[in-house]
Amino acid sequence: MSERTLAIIKPDAVKKHVIGDIIGRYERAGLTPIAMRMLRMSKATAAGFYAVHKTRPFFDSLCTFMSSGPVVVLVLAGDNAIKKHRDLMGATDPAKADKGTIRAVHGTNIESNAVHGSDSPETARFEIGYFFPEMDLIEE
Ligand code: ADP
Ligand code: MG
């Protein structure tokens with residue numbers, strides 16, 4: 001069943017000039033970009049996006065990192081897009097991510113880990129709506 005997920009190429013990956021490599025991995029895996037923006041989040045925008053983590057000890061540092069430079073935000077569509085994308089990303093900590101995953105290849109540490117991906121249909125809906133009005137999503 002075709003599904004949508006939100007991907008963010010984080011500031012560390014944009015600075016490393018690997019936007020093209022990461023989008024190429026999505027396309028080769030059968031995940032189709034149906035919306036895309038490049039933007040720089042304010043700290044408040046990052047805090048709203050990561051509101052589920054607001055009681056975590058790493059929350060403030062995470063919001064500072066996510067607002068430290070431009071990001072690329074995409075909506076990806078495809079069969080099992082949420083899990084497929086999480087599998088391509090690898091574990092949160094690049095040191096623990098499977099060999100060849102995006103975080104293993106491009107991540108620096110548990111915070112600067114190159115990419116974000118929605119973790120469930122509910123979070124995907126919230127996260128897509130946070131950055132894109134429905135009319136900006138290309139029909140598949
Ligand atoms: P994921 O991005 O794999 O879904 P989480 O939702 O748990 O991971 O965390 C959101 C983001 O917060 C991570 O991608 C990472 O950038 C950061 N983060 C998570 N855990 C830590 C930690 N222990 N220390 C610093 N940053 C963290
Ligand atoms: Mg998460």
Side-chain angles (χ1 to χ4, degrees):
M1 195 192 84
S2 187
E3 193 173 62
R4 291 170 173 177
T5 190
L6 188 90
I8 303 179
I9 303 174
K10 294 185 178 184
D12 58 321
V14 173
K15 287 193 180 95
K16 286 183 183 172
H17 291 180
V18 293
I19 295 170
D21 178 78
I22 292 171
I23 294 176
R25 287 167 190 261
Y26 296 155
E27 292 188 309
R28 287 193 295 278
L31 292 169
T32 304
I34 61 164
M36 178 152 55
R37 293 175 66 188
M38 188 168 195
L39 58 100
R40 181 165 179 175
M41 287 188 232
S42 66
K43 203 170 166 185
T45 298
F49 181 77
Y50 279 119
V52 293
H53 292 314
K54 63 175 180 283
T55 61
R56 302 284 192 95
F58 59 79
F59 179 70
D60 189 68
S61 177
L62 172 62
C63 295
T64 298
F65 162 61
M66 288 300 286
S67 57
S68 67
V71 298
V72 177
V73 187
L74 306 90
V75 179
L76 301 173
D79 289 343
N80 290 314
I82 294 169
K83 181 172 191 308
K84 193 181 269 188
H85 183 217
R86 297 286 304 191
D87 289 348
L88 281 179
M89 286 164 57
T92 307
D93 182 352
K96 295 180 182 150
D98 287 346
K99 201 161 171 275
T101 58
I102 295 170
R103 282 168 161 172
V105 173
H106 294 308
T108 303
N109 56 50
I110 195 166
E111 178 176 85
S112 295
N113 58 3
V115 283
H116 167 85
S118 309
D119 64 6
S120 73
E122 294 68 37
T123 54
R125 249 189 308 281
F126 166 75
E127 292 175 357
I128 291 168
Y130 196 79
F131 289 108
F132 299 98
E134 182 66 27
M135 68 174 287
D136 282 3
L137 305 177
I138 309 297
E139 279 188 46
E140 293 150 74

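Small disclaimer: the values here were computed from a predicted structure and weren't measured. In listed order, ligands and their atoms are each counted from 1.
Numbered from 1 in the order shown, with element, the atoms of ligand 1 that lie under 4.0 Å from a heavy atom of N113 read 13 (C), 14 (O), 15 (C), 16 (O).
In this structure, atom 3 (O) of ligand 1 lies nearest to the protein heavy atom T92 OG1, 2.6 Å. Of the protein's heavy atoms, F58 CD2, 3.5 Å lies nearest to atom 21 (C) of ligand 1.
Between L6 and T123, the closest side-chain pair of non-hydrogen atoms is not below 4.5 Å.
Using a 4.0 Å heavy-atom cutoff, R86 is listed among the residues neighbouring ligand 1. For the pair I110 and ligand 1, a heavy-atom separation below 4.0 Å is found.
One distance of note links CZ of F126 with CD of E122; it measures 13.0 Å at 0.5 Å rounding.
Comparing heavy-atom distances from atom 2 (O) of ligand 1 across M66, R103, E111 singles out R103 as nearest. Between atom 17 (C) of ligand 1 and the options V115, L62, D93, the minimum heavy-atom separation is to L62.
The environment of NZ in K15 is crowded: more than 12 heavy-atom neighbours from other residues, nucleotides or ligands sit within 6.0 Å.
Side-chain contact of S2 with E140: a donor-acceptor pair under 3.5 Å is present, judged by distance alone.
With hydrogens and angles disregarded, a donor-acceptor distance shorter than 3.5 Å links the side chain of R40 to the backbone of S67.
Checked by distance only, ligand 1 and R56 stay at 3.5 Å or farther apart across all their nitrogen or oxygen atoms. Geometrically, ligand 1 and Y50 share no nitrogen or oxygen pair separated by less than 3.5 Å.
At a heavy-atom cutoff of 4.0 Å, ligand 1 is contacted by the side chain of H53 but not by its backbone.
The existence of a salt bridge linking K83 and D87 is confirmed by a sub-4.0 Å separation between a basic side-chain nitrogen and an acidic carboxylate oxygen. The residues R56 and E111 are annotated as not salt-bridged, no charged nitrogen and carboxylate oxygen being separated by less than 4.0 angstrom.
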